[in-house]
Amino acid sequence: MKARTVDRLATAFFWLGAGVILLLLIALVGYLLFKGGRWLNWAFITRPPENLKAGGGVGPQLFNSFYLLFLSMIFTIPLGVGAGIYLAEYAGRGDVNPTLALPQSKGATNFLLGALNLSIETLASLPSIVVGLFGLLVFVVSTGWGYSLMAGALALTVLNLPVMVRISLEALHTVPRDLKEASLALGASRWETIWKVVLPAAFPGLVTGGIITAGRVFGEAAALLYTAGMSSPVLDFTDWNPLHPNSPLNPLRPAATLAVHIWKINSEGLIPDVRRVADGSAALLIIVVLVFNLLARWLGYVLYRRMTAS
């Protein structure tokens, strides 16, 4: 077979793979929006759910999803970026410490690097249901918090850390080595180089990766069934004291997210309009996830243009 024919066949195969993925996404999003988009209105988005009668909404569940996202990213971003900085700037960078000018223990460094990589790969391969059971034993039972937003946020942190570490590592690797060497040549320490040169240069990639990681929180349900719970107390949105049990800002209250609510309403819902609520919740969830992904691409593009002047 001629090389030109092989090239055309390979190109057609690649285009076919991309087209199938695009068609699957369009079919999935189109079906969900067709089934549930007609039920989306301001009342449905803001009203609390009903247990027995029709007409309920998903207001508390939507708020819980955003609040859980905020709590989870408080832990995920610093830990993930910190681990990425270690892997990119410290691990495997030679046998001489530039600050002390003394030989490092190469064996200890390699052992720590291997253990860290093994931990990241293991966490990345864990099913979310296993992370949920771990969160139930550690964050719910052992701490005495019970089902709570904080337990769910910590469980999601365990789930999202490998993704954030890999994204941070890739973003830091895109920074040209010449920038680091120029900073060190001007007398800056390694930490000053990382803080004032490397992180600003990698910031667009870090922001994009952080938003993509945050988008995963909205679709997670299995890990939250055993940690955040499947119900929410009656919330008083005029009470912003995080120590009050009915305050929406209380991190130690149980909280069903939008994804958990979809699962619950489909499996054990008793309301007469269960199909309306389930379809509308699914459409709202897919819209939120799409907005997050589009926001990531737009924000990354804007930051890249401003920081590179291109």
Side-chain angles (χ1 to χ4, degrees), residues 48-49 51 56 58-80 82-83 118-165 210 213-237 239-270 278 281 285 288-289:
N51 294 324
V58 292
Q61 284 72 26
L62 184 60
F63 175 83
N64 292 338
S65 298
F66 280 102
Y67 191 33
L68 184 66
L69 165 68
F70 171 75
L71 293 176
S72 175
M73 299 312 290
I74 286 178
F75 301 106
T76 302
I77 291 179
L79 293 175
L118 178 62
S119 300
I120 293 173
E121 297 299 333
T122 303
L123 287 175
S125 62
L126 285 178
S128 58
I129 192 70
V130 175
V131 176
L133 291 174
F134 170 80
L136 174 65
L137 294 175
V138 177
F139 305 131
V140 175
V141 178
S142 299
T143 61
W145 293 338
Y147 295 112
S148 63
L149 278 163
M150 185 60 69
L154 292 175
L156 290 179
T157 299
V158 174
L159 195 64
N160 284 331
L161 260 181
V163 179
M164 193 66 211
V165 172
T213 306
R216 298 183 65 208
V217 175
F218 285 101
E220 185 54 49
L224 298 178
L225 293 174
Y226 300 101
T227 52
M230 294 184 289
S231 62
S232 298
V234 178
L235 300 180
D236 182 6
F237 284 92
D239 183 4
W240 298 105
N241 187 343
L243 300 179
H244 291 174
N246 291 337
S247 171
L249 297 183
N250 185 355
L252 298 180
R253 63 175 177 85
T257 62
L258 196 57
V260 173
H261 184 66
I262 294 173
W263 178 88
K264 181 181 178 182
I265 205 71
N266 274 292
S267 60
E268 53 187 51
L270 299 177
S281 300
L285 181 60
V288 171
V289 173

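Quick caveat: nothing in here was measured; it's all calculated off a predicted structure. Because only heavy atoms are used, hydrogens play no part in the values below, and waters and symmetry mates are left out as well, while side chains stay in. Here, residue 1 is the first one in the sequence, and each next residue gets the next number.
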Rounded to the nearest 0.5 Å, what separates atom CD1 in Ile129 from atom CG in Leu136? 10.0 Å
Between the CG atom in Leu123 and the OG atom in Ser119, the distance rounded to the nearest 0.5 Å is 6.5 Å
Which atoms form the tightest heavy-atom contact between Pro233 and Pro245, and what is the distance? CG-O, 4.2 Å
So, applying side-chain hydrogen bond (donor to acceptor under 3.5 Å, both in side chains) with His244, which one of Asp239, Asp236, Asn250 is it? Asp239
Specify the closest pair of heavy atoms between Met164 and Gly80, including all atoms of both residues, with the distance to one decimal. CG-CA, 3.9 Å
So, do Ser281 and Ile265 sit near enough that their side-chain heavy atoms are less than 4.5 Å apart? no
Where Leu126 and Leu159 come nearest, the two heavy atoms and their spacing: O-CD1, 4.4 Å
Specify the closest pair of heavy atoms between Thr257 and Glu220, including all atoms of both residues, with the distance to one decimal. OG1-O, 4.2 Å
Does anything in residues 136-152 pair up under side chain to side chain donor-acceptor pair (under 3.5 Å), and if so which pairs, sequence neighbours excluded? none
Can you tell me how far the OH atom of Tyr226 sits from the CG atom of Leu137, to the nearest 0.5 Å? 11.5 Å
Spacing of CD1 belonging to Ile77 relative to CG belonging to Asn160, to within rounding of 0.5 Å: 10.5 Å
Please work out whether the ring planes of Trp240 and Phe237 are parallel, tilted or perpendicular, with thresholds of 30° and 60°. perpendicular
Minimal non-hydrogen separation, Ala124 against Pro162, with atom names: N-CG, 3.6 Å
State whether the side chain of Ser267 and the backbone N or O of Trp263 hold a donor-acceptor pair below 3.5 Å, judged by distance alone. yes
Euclidean distance, Asn266 CG relative to His261 NE2, rounded to 0.5 Å: 9.5 Å
d(Leu161 CG, Thr76 OG1) to nearest 0.5 Å is 5.5 Å
Ignoring hydrogens and angles, tell me if any N or O in the side chain of Thr227 forms a donor-acceptor pair with the backbone of Ala155 under 3.5 Å. no
Can you list the steps and then say if Leu69 with Phe218 is a side-chain contact (heavy atoms from CB on, under 4.5 Å)? CA-CA 8 Å; Leu69 165 68; Phe218 285 101; 3.7 Å; yes
Under 4.5 Å between any side-chain heavy atoms of Tyr67 and Pro248, yes or no? no
For residues Ala256 and Ser232, report the shortest heavy-atom separation together with the two atoms involved. N-OG, 3.1 Å
Name the one of Asn64, Leu249, Asn246 that satisfies side-chain contact (heavy atoms from CB on, under 4.5 Å) with Leu235? Asn64
Does any N or O in the side chain of Ser247 come within less than 3.5 Å of the main-chain N or O of Asn241, such that one atom is a donor and the other an acceptor? yes
